[in-house]
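Single-structure report; data block below.
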Amino acid sequence: MKALVTLMFISLATFSNAHSFEWNLSSDSVKTVKSVAISKSGTLKTNNGTEITMENVGSGLRSKFGFSVYAAQLLVTAPGEYTRTDDGALASVSTMDGLAIGMTFLRNVSASKMKSAYNQAFKLNGVDRSLEHNKKFIAAATVGGNLKKGQSLWIFAYKDEANSQDVVLYHDNKGNVTTITGPHGFLKDIAAIWLGKVESSLKGLKKDLVHDTY
Amino acid sequence: MKSLLIILSFGIFQSCSAPMEALDATRHMPNQMDKMLNGMDQTNNKIETTNQAVHQQILMLAKEEMLNEHNSQYLLPPIGMMPGGKAFAEEATPEELMQITYAWLKEIDQVQAGEGNTMTSDEVDRDKAVKLTALQIIAGFTPQSVVKQIVGTYIYSKGLYEHTAKAFLALRAYFIQAYRLENGPLTDEGTNLNMVAEAIERTKFIQYITSLPFRDEIRVEINGFDDDVTYDTWARTFSIEKDLATNLWDAILFLFEEDGVQVDSESKRFKKLKKEVESYLEL
């Protein structure tokens with residue numbers, strides 16, 4: 001009984017913590033990456049009713065040691081301001097209101113591998129991993145368990161100016177949504193995973209996300 | 001009396017003949033010793049020949065096991081090739097390791113379809129991918145003591161296979177990182193302390209390579225593929241990133257910090273291993 005109550009409490013806590021939102025991708029795709037359709041645009045409707053429209057600015061394949069890991073796509077709120085240079089892309093995205101990064105997996109990937117990848121990316125970019133919002137982000141990778149081939153996960157980051165914070169929604173492969181709030185700059189730290197300093201095997205994808213044009 | 005003297009004399013003569021025979025026998029001893037030593041040499045040579053034959057047979061079988069069509073059917077990951085590659089790596093001498101690395105890298109670089117062979121371009125590329133994978137496996141499983149011999153003999157002493165040895169190290173680092181760490185204990189589910197201990201040992205192999213003063217020269221550029229898009233995993237430069245070992249140590253430390261290790265965090269071994277990892281990060 002005690003265990004059941006504990007379980008219910010955990011479920012309620014998780015539920016109450018989750019922000020409701022809607023994510024609608026346009027049906028017209030700009031290209032395919034390993035047979036995964038890359039959408040032209042998408043609209044995020046946040047829990048307070050705000051609609052954030054984004055356009056695709058880049059997509060590509062994440063591969064490592066020869067394995068195709070996932071097809072990635074990046075959508076941003078101000079595509080016209082997106083700077084297509086290795087150093088400029090991250091800076092330009094950090095001034096925007098929001099972004100979305102979609103990953104459709106081409107092979108099974110363990111949750112611990114995703115956690116490890118986020119951890120390494122934070123380290124490379126000098127992001128303080130001991131801060132609560134960063135720890136929550138890394139932990140969100142395990143909520144949906146291991147990723148299976150064909151499953152997708154989306155990460156949304158937007159500025160909540162009214163509350164002077166950045167909000168990140170981690171929509172995992174099982175449909176769970178983890179909402180994490182952090183100070184301004186959180187959005188940039190998330191974007192840096194793909195657009196900041198990246199390990200050598202991620203350079204190909206970064207190049208595609210930065211220089212891809214449709 | 002006379003007869004007594006005759007008997008005594010005979011007895012004395014008889015008693016003297018034994019040492020004399022012994023003395024006679026020693027005259028032949030050097031010959032017999034030589035014969036015995038020759039026999040021992042021959043036996044030793046035969047044992048040596050037998051050992052050499054066994055050694056060559058192990059290498060040959062290991063190579064066949066590694067390259068046969070069934071085991072090399074899948075290269076990502078090259079699971080089927082690993083047992084043969086490991087057996088080869090554990091048996092081969094430093095010189096043999098350099099010879100096969102040199103020969104196959106040359107083959108990968110220079111062989112073209114239709115030039116002295118009837119293979120298609122696809123077949124040649126496929127064969128090259130298999131050989132390069134095999135070299136990675138061999139390098140990745142070579143015992144660390146042998147790797148140190150290779151570095152000493154061929155790199156520090158500017159031996160015949162200096163450049164091959166550097167290529168060998170680049171392939172070794174790649175294989176250990178890819179298959180013995182990142183697709184292994186670093187990301188497997190339910191990591192326990194024995195897995196972490198193994199990851200630490202394997203990362204030490206990489207630490208050794210990244211710490212070498214000629215780290216920037218440890219590289220091999222693979223240009224021999226006709227279709228370098230399909231074979232982009234192999235048709236590229238293998239080199240050593242400056243932070244490679246540090247990043248791996250950090251990934252191991254992450255296992256401790258994020259409850260990735262399924263063990264009592266207060267245990268002595270947990271603390272000892274974590275401290276060891278931290279000491280490498282402080283370097």
Side-chain angles (χ1 to χ4, degrees), chain A residues 33-34 60-70 105-132 134-149 193 196-205 207-208, chain B residues 74-78 129 132-133 136 140 171 173-191 195-196 199 219 222 228-244 246-262 281:
Chain A
V33 174
K34 289 268 182 180
L61 173 68
R62 166 66 167 130
S63 64
K64 189 164 189 183
F65 304 125
F67 299 100
S68 297
V69 184
Y70 58 78
F105 285 79
L106 305 167
R107 67 186 315 102
N108 297 344
V109 175
S110 69
S112 55
K113 199 173 276 191
M114 289 302 289
K115 269 176 71 175
S116 180
Y118 293 148
N119 172 65
Q120 192 178 27
F122 277 168
K123 181 184 175 255
L124 273 173
N125 288 284
V127 175
D128 187 345
R129 295 170 286 180
S130 67
L131 296 175
E132 204 54 36
N134 293 330
K135 284 167 87 169
K136 278 183 183 170
F137 177 82
I138 291 173
T142 58
V143 176
N146 294 336
L147 293 134
K148 302 289 179 196
K149 184 178 179 180
I193 295 171
K197 287 181 187 168
V198 295
E199 59 145 324
S200 60
S201 68
L202 198 55
K203 283 177 183 165
L205 175 58
K207 190 178 167 192
D208 286 342
Chain B
Y74 306 110
L75 300 181
L76 292 172
L132 188 51
T133 305
Q136 291 167 356
L171 298 176
Y174 175 82
F175 184 81
I176 292 173
Q177 183 196 1
Y179 296 111
R180 301 190 70 194
L181 285 166
E182 293 204 11
N183 280 298
L186 283 189
T187 52
D188 283 344
E189 290 296 315
T191 308
M195 294 175 186
V196 174
R219 55 192 285 118
I222 306 294
D228 54 10
V229 175
T230 302
Y231 289 98
D232 61 352
T233 306
W234 297 270
R236 62 187 190 81
T237 300
F238 294 84
S239 57
I240 308 294
E241 279 185 73
K242 195 179 86 181
D243 297 328
L244 176 59
T246 309
N247 290 340
L248 290 169
W249 289 124
D250 196 69
I252 296 174
L253 190 63
F254 182 68
L255 291 175
F256 288 104
E257 290 175 347
E258 291 295 317
D259 300 327
V261 183
Q262 311 291 310
L281 281 166

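Because the structure is predicted, anything quoted here is derived from the model rather than measured.
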>> Donor-acceptor check, side chain of A:N119 to backbone of A:K115, threshold 3.5 angstrom: yes or no?
In response: no
>> Please classify the contact between B:Y231 and chain A as side chain, backbone, both or neither, with a heavy-atom cut-off of under 4.5 Å.
In response: neither
> In terms of heavy-atom pairs under 4.5 Å with chain A, which of B:L75, B:N183, B:L186 leads?
Replying inline: B:N183
> Taking the six-membered ring of A:F105 as reference, does the NZ or CZ atom of A:R107 fall below 6.0 Å from its centre and within a 45° cone about the axis?
Replying inline: no
> What part of A:K113 is in contact with chain B, defined as an atom under 4.5 angstrom from a non-hydrogen atom: side chain, backbone, both or neither?
Replying inline: both
> So, are B:D250 and A:R129 salt-bridged, with charged N and O less than 4.0 Å apart?
Replying inline: yes
> Is a side-chain donor or acceptor of B:T133 paired with a backbone partner of B:A129 at a separation under 3.5 angstrom?
Replying inline: yes
